[in-house]
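The next block holds one structure in the form of C-alpha cells; read it before the comments.
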Amino acid sequence: MAVGGAQFEKRSIEVVPGHERHGSPINQFTLWFGANMQITAVVDGALAVVFGADAMWAIIGLLIGNVLGGAVMALHSAQGPHLGLPQMISSRAQFGVLGAALPLVLVVVMYLGFAATGTVLSGQAINKILHVDAKPVGIIIFGVLTFVVAAFGYRWIHKLGRLATVLGFIGFAYLTFRVFHEHSAHTLFGSPHFDGAPFLLAIALGAGWQLTFGPYVADYSRYLPRNTTIASTFWATLGGSVIGSMWSMTLGALIASIPKSTFLDNQVGFVGDLAGGGAVAFVIYIVIVVGKLTVNTLNAYGGSMTLLTTTTAFTRNATVRPRTRIAFVFGFLACSIVVALAGSANFLDNFKNFVLLLLTVFIPWSAINLVDYYLVSKERVDVPALYDETGRYGRFNVCGLTTYVIGVVVQIPFLSQSLYTGPIAKAIDGADVSWIVGLVITAAVYYPWARATSRPPEQSILPPDLQQLEEELV
C-alpha cells in the first residue's frame with residue numbers, strides 16, 4: 001500500500017520474516033536518543049527539583065533511576081530481533097492469549113496519557129511558531145503530524161528519530177550553554193544538601209520514565225536481522241535512551257534551580273526566552289516539536305499495536321491489514337487530542353502523579369516478562385501458539401495473572417502520591433520505593449512458580465509458512 005511513492009508498513013501484529021529484516025543496532029541508539037531529547041523529559045527533570053531536591057542530588061537520583069529503568073527497558077528491546085514481534089504480542093506467553101488483555105488495557109491508558117501530555121506541550125510550541133493564542137490550533141496540528149508519521153510506520157519513525165537526534169543535539173547543546181552563560185554554576189547548584197525523600201522521588205521519576213517505554217520498545221527493534229546479538233541491541237538502546245533522557249532531565253533540573261524561575265508557569269515559553277527570543281527561539285520551538293513528534297509517534301504506533309493485540313485476541317486474527325492498523329492509529333490519536341484539549345490545566349502535578357502511578361502497574365508486567373523470557377523460557381517461544389487460545393499458552397495463565405496482581409498489591413503500602421500515601425511510605429517521610437518492592441517481589445513469586453508449571457518448547461517455533469521460507473532462504 002503506497003501513497004505518492006511512499007510505502008505504508010504492511011506488517012503489524014505478525015512476526016516479521018527474515019527476508020524483510022534490515023537495519024543495525026545504531027538505529028536503536030538514534031531513535032531512543034532523539035525520542036528523549038524533548039520537552040517532557042525536561043519537565044520530568046524539573047519535577048525532581050520542584051518537589052524538594054536540590055539540583056545536584058536531583059541529577060544524581062535521576063541518573064540512578066534512568067540507568068536502572070533503562071537496563072530493564074533495554075532488555076525488552078533485545079527481544080525484538082529474535083522474536084520479530086511487537087512487544088505485547090509476546091506477553092501472551094506469560095499471561096495467556098486472552099489474559100494478556102489485563103495489562104494491555106493499562107498499556108493503552110499509558111500511551112494515551114503520554115500522548116495527551118506531550119501534545120499539550122507541543123501544541124504550545126506550535127502556537128509560538130504560528131503566533132496564535134488558541135490552544136486547540138497547536139494541539140490539532142500536532143495530532144495530524146503524528147498521524148502521518150505513525151500511519152506510514154516503522155521506516156518513517158526511524159527516519160524521524162535520526163532527524164530528532166541531530167536537531168536535539170544542536171538545540172539542547174545551545175540551551176545548556178545558555179543556562180550556564182546566564183547563571184553561574186554556584187547559583188544553580190548552591191550548597192547541596194541531601195534529603196532522602198526527594199532523592200528517592202528523583203530515582204523513581206528517572207526509573208519510571210524509562211520503564212514506561214518497556215511495553216513497546218521491541219516494536220522498534222523487531223525488524224533487525226535475527227542474528228543481531230542481544231548485547232548489541234541492549235547497549236544501543238540503553239545508551240541512546242539514557243544519554244538522551246539524562247541530558248534533557250539535567251537541563252530541566254538546572255532550569256528549575258534558577259532563582260525565581262517561571263518555568264512552572266510556562267514551560268515552552270520559558271525555554272524560548274532562555275534561548276534568547278526572536279529567530280533563535282523559533283528554531284528551539286522547531287526542535288521541541290520534532291523531539292515531541294518522535295516520541296508521540298512511538299506512543300501512537302505502540303498504542304495502535306496494543307489495541308490490535310487486544311482485539312485480535314478475541315477475534316482470533318493472526319494478521320491485520322495496513323488500512324486497519326492506520327484506522328487504529330487514527331482512533332487512538334483522536335482520543336489523545338480530546339484528552340489534551342480537556343486536561344491542559346495543572347499539567348505538572350498531573351504528570352508527576354501519572355508517571356508514579358504507571359510505575360505501580362508496569363513494574364510487575366516488566367518483571368514477569370523478563371524473568372520468563374530470559375530465565376524460564378530461555379528465549380524459546382512458540383510463535384503460532386501466541387495466536388491460538390487452544391495452544392501451548394492457553395486462554396489465561398493463572399501463574400502470570402496472579403503474580404501480576406500480587407505485584408501490584410504489594411506496592412500499595414509503599415505508595416507516596418497526592419491521592420494516596422501508604423503507611424510504610426508515611427513512616428519513611430513520604431519516600432516512594434514501591435517500584436523496587438514491586439520488581440523484587442514479583443520476580444521472586446513468578447520465577448519458582450513458572451519454573452514448575454510452564455511448558456516452553458525445546459526451541460523457538462515459527463509459523464509453518466515462515467519456517468519453510470526461512471529454510472529455503474538458508
Side-chain angles (χ1 to χ4, degrees), residues 33-34 36-63 66 118 120-131 133 138 164-195 198-199 201-202 205-206 209 242-292 347-348 351-352:
F33 182 86
N36 281 282
M37 296 293 283
Q38 43 114 338
I39 188 66
T40 313
V42 177
V43 171
D44 197 66
L47 288 175
V49 173
V50 170
F51 292 102
D54 63 68
M56 188 188 79
W57 285 110
I59 292 168
I60 294 173
L62 289 165
L63 176 60
N66 270 280
V120 170
L121 294 178
S122 302
Q124 293 176 15
I126 290 175
N127 283 351
K128 293 284 186 182
I129 293 171
L130 299 178
H131 300 289
D133 295 325
T165 291
V166 175
L167 292 181
F169 182 89
I170 296 172
F172 277 65
Y174 178 74
L175 289 173
T176 303
F177 164 77
R178 289 287 297 179
V179 167
F180 285 103
H181 180 266
E182 296 294 322
H183 306 277
S184 67
H186 176 74
T187 300
L188 297 172
F189 291 102
S191 301
H193 63 282
F194 180 80
D195 190 336
F199 180 70
L201 173 62
L205 286 170
W209 179 268
V242 171
I243 294 172
S245 62
M246 273 309 301
W247 192 344
S248 299
M249 291 182 190
T250 298
L251 183 61
L254 294 175
I255 287 175
S257 299
I258 295 173
K260 298 181 180 179
S261 170
T262 59
F263 181 69
L264 301 183
D265 302 320
N266 181 14
Q267 301 90 36
V268 173
F270 182 92
V271 171
D273 292 338
L274 175 66
V280 178
F282 179 88
V283 174
I284 292 299
Y285 295 143
I286 295 291
V287 172
I288 290 173
V289 171
V290 172
K292 281 308 306 176
F347 173 79
L348 282 174
F351 183 70
K352 174 213 171 190

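Heavy-atom basis, side chains included; hydrogens, waters and symmetry copies ignored.
- One finds the OG1 atom of Thr250 at 11.0 Å from the CD1 atom of Ile255 (value rounded to the nearest 0.5 Å).
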Leu251/Val179 under side-chain contact (heavy atoms from CB on, under 4.5 Å): CA gap, chis, key distance, verdict: CA-CA 8 Å; Leu251 183 61; Val179 167; 3.7 Å; yes

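- Remark: Phe33 pairs with Phe29 by the ring pair (Phe, Tyr, Trp, His ring centres under 6.0 Å) rule, at least two apart or across chains.
- Atoms CG and NE2, from Leu175 and His181 in turn, are 14.0 Å apart once rounded to the nearest 0.5 Å.
- Two residues are said to be in side-chain contact when any heavy atoms from C-beta on lie closer than 4.5 Å; Ile59 and Met246 meet this criterion.
- Between the side chain of Ser261 and the backbone N or O of Ser257, no donor-acceptor pair lies under 3.5 Å.
- Heavy-atom minimum distance, Phe263 versus Ala46: CE2-CB, 3.6 Å.
- The distance from the OH atom of Tyr285 to the CG atom of Leu130 is 12.0 Å, given to the nearest 0.5 Å.
- In terms of the ring pair (Phe, Tyr, Trp, His ring centres under 6.0 Å) criterion, Phe180 has no residue partners (sequence neighbours excluded).
- Looking at every heavy atom in both residues, Ile284 comes nearest to Ala275 through CG1-CB, 3.6 Å.
- When side chains are defined from C-beta on, Val42 does not count as touching Gln267, because their heavy atoms never get closer than 4.5 Å.
- Between Phe270 atom CZ and Ile258 atom CD1 the span is 4.0 Å, to the nearest 0.5 Å.
- Legend: salt bridge (Lys or Arg N to Asp or Glu O under 4.0 Å) pairs involving residues 174-191, not counting sequence neighbours, sorted by first then second residue: Arg178-Glu182.
- Closest heavy-atom contact between Gly34 and Thr165: N-OG1, 3.5 Å.
- Annotation: the span from Leu63 atom CG to Met249 atom CE amounts to 10.5 Å, rounded to 0.5 Å.
- Here the shortest heavy-atom pairing between Ile126 and Gly138 reads CD1-O, 3.6 Å.
- Here Phe172 pairs with nothing under the ring pair (Phe, Tyr, Trp, His ring centres under 6.0 Å) rule; sequence neighbours left out.
- Contact of the Val287 side chain with the Tyr174 side chain is not registered, since no non-hydrogen atoms from C-beta on lie closer than 4.5 Å.
- With values rounded to the nearest 0.5 angstrom, Ser248 atom OG is found 11.0 Å from Leu62 atom CG.
- Taking the side chain as every heavy atom from C-beta outward, Gln124 and Asn266 approach each other to under 4.5 Å.
- Partner of Lys292 under the side-chain contact (heavy atoms from CB on, under 4.5 Å) criterion, chosen from Val120, Val268, Thr40: Thr40.
- Contacts classified as salt bridge (Lys or Arg N to Asp or Glu O under 4.0 Å) and involving residues 270-279 (residues at least two apart or in different chains) are not found.
- Shortest non-hydrogen contact noted between Ala48 and Ala58 is CB-CB, 3.8 Å.
- For Trp247, the ring pair (Phe, Tyr, Trp, His ring centres under 6.0 Å) partners are Phe169, not counting sequence neighbours.
- Asp54 contributes no side-chain N or O that, together with a main-chain N or O of Pro192, makes up a donor-acceptor pair within less than 3.5 Å.
- Between Val50 and Ala256, the shortest heavy-atom contact is CG2-CB, 4.4 Å.
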